[in-house]
Structure formats: structure tokens, C-alpha cells
Trainee: 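To start, I am sharing the structure in question, which I have written as C-alpha cells.
The figures that follow rest on heavy atoms only: side chains count, while hydrogens, waters and symmetry mates do not. Heads up: numbering here begins at 1 and tracks the sequence.
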Amino acid sequence: MPLAQLVRSRLLRSRCARAVALLSLSLGLGPCLAAHFIERRAAPFVTDRIEQLPRMKVGLLLGCSERLSDGRTNLFFRKRIAAAARLFRARKLDYFLVSGDNSHPGYDEPNDMRRALLAEGVPSSRIVLDYAGFLDSVVRAKEVFGLQRFTVVSQRFHDVRAVYLARAHGVEAYGYAAADVGGTGGVRVRLRELFSRAFALLDVSVLASRPRFSGPRQHTVLEPG
């Protein structure tokens with residue numbers, strides 16, 4: 001190969017390598033920076049200490065599956081239910097809006113959580129279900145159920161994003177952090193959360209997207225007053 005052609009070839013490979021490196025760096029740093037920004041904004045309103053929480057009428061309990069794909073108990077589920085029951089017994093909350101996925105037959109996060117709350121002594125009259133929470137739980141709590149104040153109940157990483165989104169939409173929200181889950185499952189969830197926070201920041205700052213299922217206004221016992 002002639003020297004000039006060899007030099008051009010190496011320069012091209014070098015430029016491609018730099019471009020790939022810069023793209024990888026931006027893709028890696030973007031979610032990390034977004035996660036850090038959301039953390040700083042929401043962290044002051046999230047705690048695992050009940051005494052630090054203001055008393056609220058409603059807790060927004062974020063849904064997840066009761067069991068993993070292999071049939072084992074989902075520890076995220078159990079720990080969220082335990083956290084919600086503690087808040088109810090401590091009289092920090094009077095009602096729960098249980099928001100989750102019921103997108104296909106045989107998969108019903110809201111009713112699974114309702115049954116678990118009943119087993120913990122929370123009366124049926126204190127539980128309202130939102131079957132179309134998905135990624136829109138916070139916005140639907142405001143626009144469909146008319147809530148302007150609530151406490152989010154989930155693991156801390158989840159609370160932080162939900163509280164950030166709620167406050168960005170003008171809702172006075174706090175978060176109660178359920179006990180965390182370790183192991184490889186917990187690591188996967190945290191990695192996924194990085195990109196979820198990046199999307200949340202993009203949504204608030206640029207997209208201003210509407211809930212996938214907004215639905216009519218629901219008048220329930222959760223309403224202020």
C-alpha cells in the first residue's frame with residue numbers, strides 16, 4: 001500500500017475511533033448526569049424515617065409484580081407492601097392510590113398489591129386502584145384522581161424519580177423509601193433506573209409528553225377535603 005494511502009487509512013480509523021469513543025462517552029455520561037441532577041432536586045424530600053414525613057391523606061403506592069418470572073417472591077413487592085403498612089399504622093397516611101400495570105389478562109399489579117395490603121390490615125375502603133399507571137403514575141394521580149399532595153411509597157431509587165416528576169408538575173410530593181433489595185436483581189434495576197431518569201429529565205425539559213392513558217377525571221375518596 002502506498003505511504004499516502006496508508007496514512008489516510010490510519011487517520012480515518014483514528015477519527016472513527018474518536019467518534020465512537022465520544023459517542024460512547026456521551027451515552028454513558030448523559031444518563032449519569034441526568035440521574036445526578038434528579039437526585040439533587042428530589043433527595044431532600046425522600047426519607048426512610050417515618051418521623052420526618054409530613055402527614056398526608058394519600059400515599060401513591062407504585063406497583064410491581066408479586067412474583068418474578070421464575071415464580072419466586074419479588075422482594076421489591078414485599079418490601080413496598082411492608083413500608084405502606086408501616087405508614088398506615090403510624091397514621092402518616094389515610095388512603096392508598098395503588099398504581100400499576102394491568103395491561104393483559106393474568107397480570108394485575110394493582111389487585112395483587114390490594115390483596116397484600118388487606119392482609120396487612122389496611123381496609124378495602126382505604127384503597128383505590130389505578131390500572132393504567134405504567135410510567136404515568138404521578139401525572140395520572142394529579143390529572144385523573146385530582147391529587148395535589150401525596151407521599152410516594154417505593155424503593156428510594158424509584159421514589160426520587162417519582163418525586164422529581166411530581167414536583168415538576170406542581171404536586172407537593174414526598175417519598176418514603178421502602179427497604180432496598182440487593183443481589184443481581186437489584187443491580188439490574190439500578191442500571192435501568194439510570195436511563196429512566198434520563199428520559200424523565202428529557203420529558204420534563206423538552207418533550208412534555210402526555211400520559212399514555214389519561215382517561216376521564218375520577219371522583220373518589222382520595223379527593224382533597
Trainee: Has the side chain of E120 got a donor or acceptor atom that lies under 3.5 Å from a matching backbone atom of A82?
Mentor: no
Trainee: Could you walk me through whether L87 and L53 pass side-chain contact (heavy atoms from CB on, under 4.5 Å), step by step?
Mentor: CA-CA 10 Å; L87 290 173; L53 287 170; 3.6 Å; yes
Trainee: For residues 41-50, run the donor-acceptor check on the side chains, cut-off 3.5 Å, and write out each pair with its distance to 0.1 Å, sequence neighbours left out.
Mentor:
residue : atom : partner : partner atom : Å
T47     : OG1  : R49     : N            : 3.0
T47     : OG1  : Q52     : OE1          : 2.7
R49     : NE   : E51     : OE2          : 2.8
R49     : NH2  : E51     : OE2          : 3.0

Trainee: Of all residues at least two apart in sequence or in a different chain, which pass the salt bridge (charged side-chain N to carboxylate O under 4.0 Å, His left out) check with R40?
Mentor: none
Trainee: Taking all non-hydrogen atoms of both residues, which atom of A83 and which atom of A178 are closest, and how far apart?
Mentor: CB-CB, 3.6 Å
Trainee: Once salt bridge (charged side-chain N to carboxylate O under 4.0 Å, His left out) is applied, do any residues pair with E39, and if so which ones, sequence neighbours excluded?
Mentor: R156, R197
Trainee: If you look only at pairs with a residue in residues 122-132, which of them pass as a salt bridge (Lys or Arg N to Asp or Glu O under 4.0 Å), with sequence neighbours excluded?
Mentor: D130-R140
Trainee: Going from NZ on K142 to NE2 on H169, what distance comes out if it is rounded to the nearest 0.5 angstrom?
Mentor: 7.0 Å
Trainee: Can you list the steps and then say if E143 with R217 is a salt bridge (charged side-chain N to carboxylate O under 4.0 Å, His left out)?
Mentor: CA-CA 7 Å; E143 297 189 359; R217 177 78 162 76; over 6 Å; no
Trainee: So does F150 get a backbone contact from the side chain of K57, meaning a donor-acceptor N/O pair under 3.5 Å?
Mentor: no
Trainee: With sequence neighbours left out, write down each residue that passes side chain to side chain donor-acceptor pair (under 3.5 Å) with S69, or none if nothing qualifies.
Mentor: none
Trainee: Could you give the distance from CG (L68) to CZ (F77), rounded to the nearest 0.5 Å?
Mentor: 11.5 Å
Trainee: Do R114 and S124 have side-chain heavy atoms sitting under 4.5 Å apart?
Mentor: yes
Trainee: Run the side-chain contact (heavy atoms from CB on, under 4.5 Å) test against S125 and tell me which residues pass, sequence neighbours left out.
Mentor: P123
Trainee: So, using salt bridge (charged side-chain N to carboxylate O under 4.0 Å, His left out) as the criterion, who are the partners of R91 when residues are at least two apart?
Mentor: none
Trainee: Quick check: closest heavy atoms across E223 and Q218, and the distance to 0.1 Å?
Mentor: OE2-O, 4.1 Å
Trainee: Could you check whether Y174 and D159, counting side-chain N and O atoms only, form a donor-acceptor pair closer than 3.5 Å?
Mentor: no
Trainee: As an exercise, state the distance from CZ of R55 to CG of L93, rounded to the nearest 0.5 Å.
Mentor: 8.0 Å
Trainee: Would you give the length of the straight line joining atom SG of C64 to atom CE of M113, rounded to the nearest 0.5 angstrom?
Mentor: 4.5 Å
Trainee: Can you give me the closest heavy-atom contact between S137 and S99, atom names plus distance?
Mentor: OG-OG, 2.8 Å
Trainee: Could you check if a side-chain atom of L147 sits within less than 4.5 angstrom of a side-chain atom of L222, using non-hydrogen atoms only?
Mentor: yes
Trainee: Take N111 and L129 through the test side-chain contact (heavy atoms from CB on, under 4.5 Å) and record every step on the way to the result.
Mentor: CA-CA 8 Å; N111 267 307; L129 304 184; 3.4 Å; yes
Trainee: Rounded to the nearest 0.5 Å, what's the gap from OH on Y95 to CD1 on I127? Could you check?
Mentor: 11.5 Å
Trainee: Decide yes or no on side-chain contact (heavy atoms from CB on, under 4.5 Å) for I81 and L61, but give the supporting numbers first.
Mentor: CA-CA 8 Å; I81 294 296; L61 178 58; 4.1 Å; yes
Trainee: Report yes or no: do L118 and V122 belong to one cluster of Ile/Leu/Val/Met/Phe/Trp/Tyr joined by side chain heavy-atom distances under 4.5 Å?
Mentor: yes
Trainee: List in chain and number order the residues that pass side-chain contact (heavy atoms from CB on, under 4.5 Å) with S65, two or more places apart in sequence or in another chain; answer none if no residue qualifies.
Mentor: N74, Y107
Trainee: Quick one: closest heavy-atom pair of Q148 and V171, and the distance?
Mentor: O-CG1, 3.4 Å
Trainee: Are any of the side-chain heavy atoms of V128 and V221 separated by less than 4.5 Å?
Mentor: yes
Trainee: Starting from the C-alpha separation in whole Å, work towards a yes-or-no answer on side-chain contact (heavy atoms from CB on, under 4.5 Å) for V160 and I38.
Mentor: CA-CA 7 Å; V160 166; I38 289 176; 3.8 Å; yes
Trainee: Would you name the heavy atoms of L117 and V98 that are closest together and state the gap between them?
Mentor: CD1-CG2, 3.9 Å
Trainee: Return each pair, listed once, that meets salt bridge (Lys or Arg N to Asp or Glu O under 4.0 Å) where at least one residue sits in residues 66-88; pairs must be two or more places apart or across chains.
Mentor: D70-R72
Trainee: Distance check, rounded to the nearest 0.5 Å: T151 atom OG1 versus F96 atom CZ?
Mentor: 9.5 Å
Trainee: Please list, chain by chain and in numerical order, all residues satisfying side-chain contact (heavy atoms from CB on, under 4.5 Å) with A162, sequence neighbours excluded.
Mentor: L62, V138, V152
Trainee: If the condition is salt bridge (charged side-chain N to carboxylate O under 4.0 Å, His left out), which residues does D108 pass it with, not counting sequence neighbours?
Mentor: none
